[in-house]
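Read the structure below first, then the notes.
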Amino acid sequence: MMINQIYFRNYLNLLFLFKQMMNDQPPFISLESYDDINQIRDKFPPLAKINLNHEFNNLEECKFFIIRTQGEDNVHRAMKYGIWTSSSRKNERLHEAFTNKKQEVYLFFTEINSMCFSGMAKLTSAFNPKFHFKFWLIENKWFGTFTIEWLYIKDLSFKLFENIKQIQKLEGSDETLKSVYDLIDCTELSNENGIKMTKIFQNEVSNKSLFEEFPQLDKLEFENREERTNNQRFEKKFKELSSVFETIPFSFSVASYERKKNNRKSQGGYYQPPYGQQYYYQQPYQPYQPYYQQQQVGYQFQQTPQYWQQNNGFYQNQYYQQLNNNKQQYSKQPNYEKSGRLYQQPQQSQPQVIEQQQNPDANVDAQKFSLDQRFQINNQQQQKRTKIDKTKKYQNKNEVEYVEKNQPQSSVQKG
């Protein structure tokens, strides 16, 4: 009788693997009650060896990983069908661990906000980028699969693992010491911590497990299958994303693919390389170019008008002040308010007023001349008033003579 059961289980395992190779989805399987552990082992091939007295050999050469999931739905499907997948980077990490392994690769599963570890499984195959399970919790997000075999399914509280801690270092942050249940998803454990967790799963007994919620999770899975089966929109999108994923299984991201696709549509005929020639998380390779050959692309500042476009220039200040004086004579309000503060009109300094009284002919009405003529007139006046000549006598360097153009020459002797 025992031999027939063993042959029957092996037959179910081979049938399940054959369906995966043919890229067919596993059929929906469920039980009315999950109280009988033997019935569960007979119904689900990936659970045929759960909660038995397993003997582990050469644990020092094994590899261990923490798997953190967002909810119980994906773990429920992983237990029933013996498959698992994650993001591209994490799949690559597990794939490398399996292909380069000396012994087995073990996974410890926990759900966020569950406060317990729910099970321990063993990787039994490398990553298969050709087989895609359609009925994960979120549609069109995870592709490709690993096959796994479950060893223990029972809820073990985090309190049992408080003393098992490990240093974790993330990119751009310092090293931190954390408990194993606080590590991020797909973190590889040290060999010592992995052995400690394995012994806890071996020795601890728990009456609680995820099987208590399987009836409700089965209903959700059945509704999920009905919504996506024979759904043309879902099938079209699933084929599109899965075909792209198979070309770059370890660098694919649905969000990055959709973003690039939308950019191509909005830019019209602008050429972009097809998706897959560059990784979604790093920039494409660019050969080295000298600095003077690199394309300088910087922030495009808005061009603001220069000072010479806003006023008449530096040499027309006295005409500007004269016009202000004329306006002040006819203005009744010398002060005005602006943005809650009191401003006063600028007043001319005394030396400028004295010069204007002494030379009334120098102030010419600015409206009678063009801009070029005003510039020439003002330039001549500036030269007459301020420019002086400085000459030196080379015979006696200490004697210096200053000469003004608008006055007769007069020597200044050193006293």
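Owing to the predicted nature of the structure, the values given are computational and were not obtained by experimental measurement.
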Practice problem: Calculate, to the nearest 0.5 Å, the distance between atoms CD1 and OG1 belonging to Ile67 and Thr110 respectively. | Solution: 11.0 Å
Quiz item: Who passes side chain to side chain contact (heavy atoms under 4.5 Å, CB included) against Ser209, sequence neighbours left out?
Solution: Ile153, Phe211
Quiz prompt | Minimum heavy-atom distance Lys43-Ile29, with the two atoms named | solution = CE-CG2, 3.3 Å
Self-check item: N-O pairing of Glu221 and Arg225 below 4.0 Å
Solution: yes
Self-check item: Between Tyr257 and Glu240: side-chain donor-acceptor atoms closer than 3.5 Å
Solution: yes
Exercise. Take Glu227 and Phe234, measure what side-chain contact (heavy atoms from CB on, under 4.5 Å) needs, and give me the verdict at the end.
Key: CA-CA 9 Å; Glu227 291 177 359; Phe234 170 76; over 6 Å; no
Exercise. Nearest 0.5 Å please: distance from the NZ atom of Lys219 over to the CG atom of Asn224.
Key: 16.0 Å
Quiz item: Which class fits the ring pair Phe127 and Phe250: parallel under 30°, tilted 30 to 60°, perpendicular over 60°?
Solution: tilted
Practice problem: Kindly compute the distance separating CD (Glu212) from CG (Asp155), expressed to the nearest 0.5 Å. | Solution: 7.0 Å
Quiz prompt | Minimum side-chain heavy-atom gap Leu183-Arg68 below 4.5 Å | solution = no
Quiz item: Take atom CG in Asn58; do more than 12 heavy atoms of anything else shown fall under 6.0 Å from it?
Solution: yes
Quiz prompt | Straight-line distance of Glu111 CD to Gln70 CD, nearest 0.5 Å | solution = 12.0 Å
Exercise. Return yes if some donor-acceptor pair links the side-chain N/O of His54 with the main-chain N/O of Lys49 below 3.5 Å, else return no.
Key: yes
Quiz item: For Trp84, which of Phe98, Trp150, Phe109 qualifies under ring pair (Phe, Tyr, Trp, His ring centres under 6.0 Å)?
Solution: Phe109
Quiz item: Between Lys237 and Glu258, is the closest basic N to carboxylate O distance under 4.0 Å?
Solution: yes
Exercise. Please check if the side chain of Ser206 supplies one atom and the backbone of Leu156 the other of a donor-acceptor pair under 3.5 Å.
Key: no
Practice problem: Look at the aromatic rings of Phe201 and Phe161 and report parallel, tilted or perpendicular, splitting at 30° and 60°. | Solution: tilted
Quiz item: Does the ring centre of Phe56 sit less than 6.0 Å away from the ring centre of Tyr106?
Solution: yes
Practice problem: Give the C-alpha distance, both sets of side-chain angles, the deciding distance and a yes or no for side-chain contact (heavy atoms from CB on, under 4.5 Å) between Tyr181 and Glu162. | Solution: CA-CA 8 Å; Tyr181 50 78; Glu162 285 181 348; 3.7 Å; yes
Exercise. State, without any angle test, whether Glu246 and His132 hold a side-chain donor-acceptor pair at a distance under 3.5 Å.
Key: yes
Quiz item: Are Arg233 and Glu139 close enough, and set up right, to give a salt bridge (Lys or Arg N to Asp or Glu O under 4.0 Å), and what steps lead you there?
Solution: CA-CA 12 Å; Arg233 180 195 62 81; Glu139 65 178 34; 3.5 Å; yes
Exercise. Look at the side chain of Lys154 and the backbone N and O of Glu204, then say whether any donor-acceptor pair between them is shorter than 3.5 Å.
Key: yes
Quiz item: Which value, rounded to the nearest 0.5 Å, describes the distance between Asn140 atom CG and Lys236 atom NZ?
Solution: 13.0 Å
Quiz item: Does the side chain of Asn38 come under 3.5 Å of the side chain of Arg41 through a donor N or O and an acceptor N or O?
Solution: yes
Self-check item: Non-hydrogen atoms of Pro249 and Pro129 that approach each other most closely
Solution: CB-CB, 3.9 Å
Quiz prompt | Pair Phe117 + Phe158: ring centers closer than 6.0 Å | solution = yes
Self-check item: Asn193-Ser190 side chain donor-acceptor pair, cut-off 3.5 Å
Solution: yes
Quiz item: Can you tell me how far the CZ atom of Arg77 sits from the OG1 atom of Thr85, to the nearest 0.5 Å?
Solution: 14.5 Å
Quiz item: For the side chain of Thr229 and the backbone of Glu226, is there at least one donor-acceptor N/O pair under 3.5 Å apart?
Solution: no
Quiz item: Are Gln25 and Phe135 close enough, and set up right, to give a side-chain contact (heavy atoms from CB on, under 4.5 Å), and what steps lead you there?
Solution: CA-CA 9 Å; Gln25 297 298 313; Phe135 307 113; 4.1 Å; yes
Quiz item: Got a donor-acceptor contact below 3.5 angstrom from the Thr187 side chain to the Ile66 backbone?
Solution: no
Self-check item: salt bridge (charged side-chain N to carboxylate O under 4.0 Å, His left out) involving Glu235 - partner list, sequence neighbours excluded
Solution: Lys134
Quiz prompt | Passing option when Met120 is tested against Thr198, Ile200, Leu107 for side-chain contact (heavy atoms from CB on, under 4.5 Å) | solution = Thr198
